[in-house]
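Working notes for the structure below.
Within every chain, numbering begins at 1; the chains are lettered A, B, ... in the order of the sequence lines, protein sequences first and strands thereafter. Treat the numbers as computed from the prediction; the structure is a model and nothing was measured.
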Number of protein chains: 2
Amino acid sequence: MPNNQFKKGELYSFITGKASTAIARRLQKNFKQAGIDITIEQWSVLYHLWKEDGMSQQQLCDATFRDKPSITRLVDNLEKLKLVKRVPSKEDRRMNMVYLTKDAEQLQEQTMELANQTLNEALEGVTHGQVEIAKEVLQMVYDNLK
Amino acid sequence: MPNNQFKKGELYSFITGKASTAIARRLQKNFKQAGIDITIEQWSVLYHLWKEDGMSQQQLCDATFRDKPSITRLVDNLEKLKLVKRVPSKEDRRMNMVYLTKDAEQLQEQTMELANQTLNEALEGVTHGQVEIAKEVLQMVYDNLK
DNA sequence: GGCATATAGTTGTTTATGCAACTAAACAAA
DNA sequence: TTTGTTTAGTTGCATAAACAACTATATGCC
């Protein structure tokens, strides 16, 4: 008998992720107010390229937990915005390496600042210890299901 | 200086909600395996109607944390599937009250069972106490931002 | 009553997701 | 070299989300 049995009324909000929806909406709003016209999904791709430029689309799939069609189209849209460039790999011609443009590099500092600020709004009144446990739980859920 | 300042590398996954994405995908998969052809978003509307049948579309917006166009289209699709019916309110002719059909009532038990099972898969190895804290944190985040 | 305003719901447009089917290149075995 | 399989990426289709603009009804105030 599992010891985490949810009561009906509690289960729903845990599944539907209202909290992460709320964070994403607030971050999007904060981007918009700052005059930054990219979506959170596009930003999530840039985020990984800032950590390591020149990832393949497949690597972006793994990093962002999205499927291949999603990454194809996000990269399409980021190319239209002139924020990334696809460069065919020389070693393996099936692969596209995705590189940041100058424009995208300039977005890093400001958007990371806004993301931090958004998280601080979100976590107002939550203790450091609680946050650590919440992150652990979310990581375990992810590991259990991925 | 906020005491919840995130380190760069940690912040991202908290925002993008990989865990709730993973839970939703797994639940969708479990529905499909059981031969239940509804989306998680449609299920989330039915979930609230099972608790209280005959809600208005606006009430469904508040309950599901979705905007009005989203609910309009979810109800459209649920009507096509013959799972709900719109009934114009007699007191206020602007409102549609949304009612479950017999078909939808029959889905309740099986899908709630699948949802519980999915959460148990997700929370394997997580203690009851950790889950309680995670729920609290997510609730506080939601309250801070909604 | 008449007018301004608020509320409930719909429609159009763009972006994103999930799934299946597809192309092209790489690789492995004979 | 050919044949079969795997891997990287794209395309088509249905569903859903966010936002803005819209219609219709209700309400509050003069």
Please report the closest heavy-atom contact between [X] and [Y], naming both atoms and the distance.
X: B:I15; Y: A:A115; answer: CD1-CB, 4.1 Å
X: B:D53; Y: B:Y99; answer: OD1-CA, 3.3 Å
X: B:Q28; Y: B:I40; answer: OE1-N, 3.2 Å

N/O (side chain, [X]) to phosphate O (OP1/OP2, [N]) under 4.0 Å:
X: B:T39; N: D:dA16; answer: yes
X: A:N96; N: D:dT10; answer: yes
X: B:Q57; N: C:dT7; answer: no
X: A:T72; N: D:dG9; answer: no

>> Quick check: on DNA chain D, is the nucleotide nearest A:R86 upstream (toward 5') of the one nearest B:I71, or the reverse? Name the residue that is more 5'.
In response: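 Residue closer to the 5' terminus by nearest nucleotide: A:R86.
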
>> Quick check: on DNA chain D, is the nucleotide nearest A:K68 upstream (toward 5') of the one nearest B:K80, or the reverse? Name the residue that is more 5'.
In response: A:K68

>> Within the supplied structure, the quantity of interest is the number of heavy atoms (other residues, nucleotides, ligands) at a distance under 6.0 Å from B:K146 NZ; does it exceed 12?
In response: yes

>> Could you check whether atom CD of A:Q33 has more than 12 heavy atoms from other residues, nucleotides or ligands sitting under 6.0 Å from it?
In response: yes

>> Taking the minimum atom-to-atom distance to the side chain of B:M95, which one of C:dA16, D:dT10, C:dG9 wins?
In response: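 Nearest listed nucleotide: C:dG9.
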
>> Among C:dT17, D:dA17, D:dT10, which nucleotide has an atom closest to any side-chain atom of A:L74?
In response: C:dT17

> Between A:F65 and B:R25, is there a cation-pi geometry (under 6.0 Å to ring centre, at most 45° from the normal)?
Replying inline: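 Because its charged atom sits under 6.0 Å from the ring centre and within 45° of the axis, B:R25 does stack over A:F65.
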
> In the 5'-to-3' direction, what one-character label does each nucleotide of nucleotides 18-27 of chain C receive under the scheme B = base within less than 4.0 Å of a protein heavy atom, S = sugar-phosphate only, - = no such atom?
Replying inline: BBB----BS-

> Using a cut-off of 4.0 Å on non-hydrogen atoms, how would the nucleic acid contact of A:N77 be classed: base, sugar-phosphate, or nothing?
Replying inline: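 Sugar-phosphate only.
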
> Which pairs count as salt bridge (Lys or Arg N to Asp or Glu O under 4.0 Å) when at least one residue sits in residues 86-96 of chain A, sequence neighbours excluded?
Replying inline: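 Counting only pairs at least two positions apart or across chains, the salt bridge (Lys or Arg N to Asp or Glu O under 4.0 Å) contacts touching residues 86-96 of chain A are A:D76-A:R86, A:E79-A:R86, A:D92-A:R94.
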
>> Report for the helix from C:dG1-D:dC30 to C:dA30-D:dT1: angle between first-end and last-end helix axes, five pairs each, rounded to 10 degrees.
In response: 10°

Rounded to whole Å, please give me the gap between [atom1] in [X] and [atom2] in [N].
X: A:D76; N: C:dA16; atom1: CG; atom2: C1'; value: 12 Å
X: A:I40; N: C:dT17; atom1: CD1; atom2: C1'; value: 16 Å
X: A:L78; N: C:dT15; atom1: CG; atom2: P; value: 11 Å
X: B:I23; N: C:dT17; atom1: CD1; atom2: P; value: 18 Å

>> Here's a test of your reading of the structure: between B:Q58 and A:E41, which maps to the more 5' nucleotide of DNA chain C?
In response: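 With B:Q58 and A:E41 compared, the 5'-side residue is B:Q58.
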
> Same hydrophobic cluster for A:Y142 and A:F14, using side-chain heavy-atom links shorter than 4.5 Å among ILVMFWY?
Replying inline: no

>> Can you classify the ring geometry of A:W43 versus A:W50 as parallel (below 30°), tilted (30 to 60°) or perpendicular (above 60°)?
In response: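 Geometry flag for A:W50 against A:W43: perpendicular rings.
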
